[in-house]
Amino acid sequence: QVQLQESGPGLVKPSQTLSLTCTVSGGSITTNYYYWSWIRQPPGKGLEWIGYIAYSGSTYYSPSLKSRTSISRDTSKNQFTLQLSSVTPEDTAVYYCARKFRDFLNMRIFDYWGQGTQVTVSS
């Protein structure tokens with residue numbers, strides 16, 4: 001039912017800002033109690049959580065990326081956006097958007113994911 005789709009440039013130059021948009025269908029990004037998340041996977045490495053924007057509009061970021069990360073939303077379009085500034089080749093990864101919630105055991109559950117989009121940082 002819920003579908004997420006990432007979009008944005010696949011190539012970004014070093015020192016510039018990576019900007020991706022996630023378009024959500026089948027559910028509202030303002031619905032209690034869901035968190036709209038960005039996750040990435042560098043080549044040959046594991047998944048890394050970047051941050052989220054909550055149903056309320058509040059944001060929370062990975063401490064390692066917080067200084068460079070901004071997540072925002074456009075509720076009229078049911079979209080949320082990732083901006084990662086000052087990128088380097090180490091930011092090259094497949095970027096995913098996903099829906100998160102906490103189950104009754106307080107576990108993080110990412111139940112719906114976008115297909116992922118490759119972003120390469122290169123000059």
Q: Can you sort out the partners of S15 under side chain to side chain contact (heavy atoms under 4.5 Å, CB included), two or more places apart, ordered by chain and number?
A: none
Q: For Q5, what residues pass the side chain to side chain contact (heavy atoms under 4.5 Å, CB included) criterion, not counting sequence neighbours?
A: Q115
Q: Should Y95 and I50 count as side-chain neighbours, where that means a heavy-atom distance under 4.5 Å?
A: yes
Q: Could you name each residue pair satisfying salt bridge (charged side-chain N to carboxylate O under 4.0 Å, His left out) that touches residues 102-119, not counting sequence neighbours?
A: R99-D111
Q: Test of understanding: with ring-ring contact (aromatic ring centres under 6.0 Å, His included), list the residues that count as partners of F104, not counting sequence neighbours.
A: none
Q: Can you list the residues that meet the side chain to side chain contact (heavy atoms under 4.5 Å, CB included) rule with P42, with sequence neighbours excluded?
A: K45, A93
Q: Tell me, which pairs form a salt bridge (charged side-chain N to carboxylate O under 4.0 Å, His left out) where one or both residues lie in residues 63-74, sequence neighbours left out?
A: R68-D91
Q: If you compare all heavy atoms of V119 against all heavy atoms of P9, which two are closest, and at what distance to 0.1 Å?
A: CG2-O, 3.9 Å
Q: Would you give the length of the straight line joining atom OG of S37 to atom CG of L82, rounded to the nearest 0.5 angstrom?
A: 11.0 Å
Q: Filter on salt bridge (charged side-chain N to carboxylate O under 4.0 Å, His left out), then keep only pairs touching residues 21-36, sequence neighbours left out; what's left?
A: none
Q: Return the set of residues passing ring-ring contact (aromatic ring centres under 6.0 Å, His included) with Y112 (not counting sequence neighbours), or none when no residue passes.
A: none
Q: Where do E6 and C97 come nearest, in terms of heavy atoms and distance?
A: OE2-N, 2.9 Å
Q: Side chains of V121 and P14: does their closest heavy-atom pair fall under 4.5 Å?
A: yes
Q: Not counting sequence neighbours, list each pair that qualifies as a salt bridge (charged side-chain N to carboxylate O under 4.0 Å, His left out) and has a residue in residues 46-60.
A: R40-E48
Q: In Å and rounded to the nearest 0.5 Å, what is the CD to OG1 distance from Q118 to T120?
A: 4.0 Å
Q: Determine whether more than 12 heavy atoms belonging to other residues, nucleotides or ligands lie under 6.0 Å from atom CD of Q3.
A: no
Q: Are F80 and V2 co-members of a hydrophobic cluster defined by side-chain heavy atoms under 4.5 Å apart?
A: yes
Q: Answer yes if the side chains of T30 and S28 hold a donor-acceptor pair under 3.5 Å, and no otherwise.
A: yes
Q: Tell me every residue that passes side-chain hydrogen bond (donor to acceptor under 3.5 Å, both in side chains) with S58, counting only those two or more places apart in sequence or in another chain.
A: S56
Q: Return the minimal non-hydrogen interatomic distance between N78 and I29, and the atom names on each side.
A: OD1-N, 2.9 Å
Q: With a 4.5 Å heavy-atom cut-off, do L4 and W36 have their side chains touching?
A: yes
Q: Considering non-hydrogen atoms only, spot the tightest contact between S70 and Y61 and give its length.
A: CA-OH, 3.5 Å
Q: Using residues 16-25 as the side-chain source, report each donor-acceptor pair under 3.5 Å to any protein atom, sequence neighbours left out, with the distance given to one decimal.
A:
unit_1	atom_1	unit_2	atom_2	d
T21	OG1	T81	OG1	3.4
T23	OG1	Q79	NE2	3.0

Q: Would you indicate whether the side-chain heavy atoms of L11 and S122 approach each other to under 4.5 Å?
A: yes
Q: When Ile, Leu, Val, Met, Phe, Trp and Tyr are grouped by side-chain heavy atoms lying under 4.5 Å apart, directly or through other members, which residues fall in the same group as W113?
A: Y33, Y35, I39, L47, W49, Y52, Y55, Y60, V94, Y96, F110
